[in-house]
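Heads up, the thing below is written out as structure tokens.
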Amino acid sequence: MEAIFSLLVPIEWVVASVMALVHQGLEFLGMDPESGVAWALSIVGLTAVIRMALIPVFVRQIKAQRSMQVIAPDLRKIQDKYKGKKDQASREAMTKETMALYSEHKTNPFASCLPLLLQMPIFFSLFRVLNYRLKEDGEAIGLLSEPLRQQAMNAELFGAKLSDTFLGADASATRWIAAVLIAMMVSTTFFSQRQLTFKNMPASALEGPMAQQQKILLYALPFIFVISGPNFPIGVLIYWTVSNAWSMGQQFYVIRRNPTPGSEAEKALIARKTEKAARKGLTIDGRTLEEARAEEEAAAAAAEEERRNRQRQQPKRKKGKKGGAKPGQTGGASKPGGANAGDSGPGPTST
């Protein structure tokens, strides 16, 4: 395990240095450098820097999710094709066709997890900084010099140190703060995932095995944080809660302005445009509402009139009288054998 943590040292250096820089900026603005609020805001600043650096990855995540939604029907066809077939050849063929579909659309199901996966090393590095560097036997790292380390170690936020945990706290105030932050972390994790899954997906993408996996992840991830959260330092809980809040705001902006076709978000966007146009007295295509209604009524009336004209102009079939002239004949007395006198043209040939 120590070998793994040693790989995080460069990331720890960056995390500690960004925290120190933000802290110095807050001190320049007049905040008390020894206060817990200043160091908590330093973690908030660290979160903002990291999330801004991850914006390209977030854009790629959105594109990957949309591509997955587009190919969802094709994926279901492949799954239905090999449903119930458990032999090795069928499994390999199903995997091959699935990977070919991913390659064709230049996507994969793991791309939607990129922001979370890339944040995990930062998450553990911050955990190490708070849990080990801000202890009595800890060491300075990066721009987090020894005086700054001492300030951060002794700073208190409403009676709780940034390195305290729910399980390791002695004071009830610390446990209350940790419990509130854990609840906020879990709830923001759930709602950010739900916003992305249900708000920005068409109905067709909410069916099938992949949709079921996303629903399981929606509830599994918050549950994992409920179990592991009491072991996280206060500073880590602040980071994760702020990061989730950032995700929700970022997703809200993207989904509101550029929703996935067929999703609930797109329907809401169309409704907003229609309502906005109605307030201005215009429809979406620039006509007034009165003109649009008049044109619709005129079109309906014209269609009804055309239908009635077709019914009036339809010729009615007349029944001929017995022994009378048949269509195509000029009339006259009938001859024996069925030939009529005065026929203007050849009559039907009798067999």
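Small disclaimer: the values here were computed from a predicted structure and weren't measured.
- Note: Ser90 OG to Glu92 CD = 9.5 Å, rounded to the nearest 0.5 Å.
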Problem set entry | ring-ring contact (aromatic ring centres under 6.0 Å, His included) evaluation trace for Trp240 with Phe232 | CA-CA 10 Å; Trp240 205 253; Phe232 294 163; 8.0 Å; no
For this session: List the steps, then state whether side chain to side chain contact (heavy atoms under 4.5 Å, CB included) holds for Val22 with Leu46.
Result: CA-CA 7 Å; Val22 175; Leu46 168 69; 5.7 Å; no
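- Counting heavy atoms from C-beta on, the side chains of Val242 and Arg51 never come closer than 4.5 Å.
- To the nearest 0.5 Å, atoms OG (Ser42) and CD (Glu27) are separated by 10.0 Å.
- Leu8 and Met120 fall within the same hydrophobic cluster, where Ile, Leu, Val, Met, Phe, Trp and Tyr residues are linked whenever their side-chain heavy atoms come under 4.5 Å apart, directly or through other members.
- Interatomic distance, Glu97 CD to Gln79 CD, rounded to the nearest 0.5 Å: 11.5 Å.
- Residues Leu237 and Phe225 have side chains not in contact (no heavy-atom distance under 4.5 Å, counting atoms from C-beta outward).
- A perpendicular orientation is assigned to the rings of Tyr132 and Phe127, their planes being inclined by more than 60° (bins at 30° and 60°).
- Ring geometry for Phe190 against Tyr219 counts as tilted: the plane angle lies between 30° and 60°, on a 0 to 90° scale.
- Criterion: ILVMFWY side-chain heavy atoms under 4.5 Å apart, direct or through other members. Under it, Phe28 and Trp39 are not part of a common hydrophobic cluster.
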Exercise. Between Asn244 and Thr189, is a side-chain hydrogen bond (donor to acceptor under 3.5 Å, both in side chains) present by the stated rule, with each step listed?
Worked result: CA-CA 6 Å; Asn244 287 340; Thr189 298; 2.7 Å; yes
Problem set entry | Met52 and Trp246: CA distance, side-chain angles, deciding distance, side chain to side chain contact (heavy atoms under 4.5 Å, CB included) verdict | CA-CA 10 Å; Met52 284 189 287; Trp246 181 288; 3.7 Å; yes
For this session: Decide side chain to side chain contact (heavy atoms under 4.5 Å, CB included) for Glu136 and Met153; before the verdict, give the C-alpha distance in whole Å, the side-chain angles of both, and the deciding distance to 0.1 Å.
Result: CA-CA 8 Å; Glu136 291 294 341; Met153 183 178 66; 3.8 Å; yes
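- For the pair Thr98 (side chain) and Met94 (backbone), a donor-acceptor distance under 3.5 Å is present.
- Side-chain heavy atoms closer than 4.5 Å link hydrophobic residues (I, L, V, M, F, W, Y) into clusters, and following such links, possibly through other members, connects Leu41 to Ile50.
- Residues Arg149 and Arg133 approach most closely at NH1-O, 2.6 Å, considering heavy atoms.
- Nearest heavy-atom pair, Ala38 versus Leu26, reported as atom, atom and distance to 0.1 Å: O-CD1, 3.3 Å.
- Arg272 and Arg256 get closest at one heavy-atom pair: NH2-O, 3.0 Å.
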Exercise. Can you list the steps and then say if Lys161 with Ile234 is a side chain to side chain contact (heavy atoms under 4.5 Å, CB included)?
Worked result: CA-CA 7 Å; Lys161 293 184 177 180; Ile234 297 293; over 6 Å; no
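- The shortest heavy-atom contact between Ile238 and Leu157 is CD1-CD2, 4.0 Å.
- Residue Asn131 holds its CG atom at 12.0 Å from CZ of Phe124, rounded to the nearest 0.5 Å.
- Counting heavy-atom neighbours within 6.0 Å of Lys96 NZ, excluding the residue itself, gives a total of 12 or less.
- Glu139 CD: 12 or fewer foreign heavy atoms inside a 6.0 Å radius.
- With rounding to the nearest 0.5 Å, the separation of CG in Asp74 from CD in Glu104 is 8.0 Å.
- Taking 4.5 Å as the limit, every side-chain heavy atom of Met31 sits out of range of all side-chain heavy atoms of His23.
- Shortest non-hydrogen contact noted between Pro233 and Leu162 is CB-O, 3.5 Å.
- Summarising the local packing, CE of Met184 is surrounded by 12 or fewer heavy atoms from other residues, nucleotides or ligands at distances under 6.0 Å.
- Side-chain atoms of Ser17 come within 3.5 Å of backbone atoms of Leu143 as a donor-acceptor pair (strictly under, hydrogens ignored).
- Side-chain heavy atoms closer than 4.5 Å link hydrophobic residues (I, L, V, M, F, W, Y) into clusters, and following such links, possibly through other members, connects Val37 to Val236.
- Between atom CD1 of residue Ile141 and atom CE of residue Met19 there is a gap of 11.5 Å, rounded to the nearest 0.5 Å.
- Scanning all heavy atoms of the two residues, the minimum distance from Glu12 to Val129 falls at O-CG2, 4.1 Å.
- Val9 and Leu126 fall into different hydrophobic clusters, defined by Ile, Leu, Val, Met, Phe, Trp and Tyr side-chain heavy atoms under 4.5 Å apart, directly or through other members.
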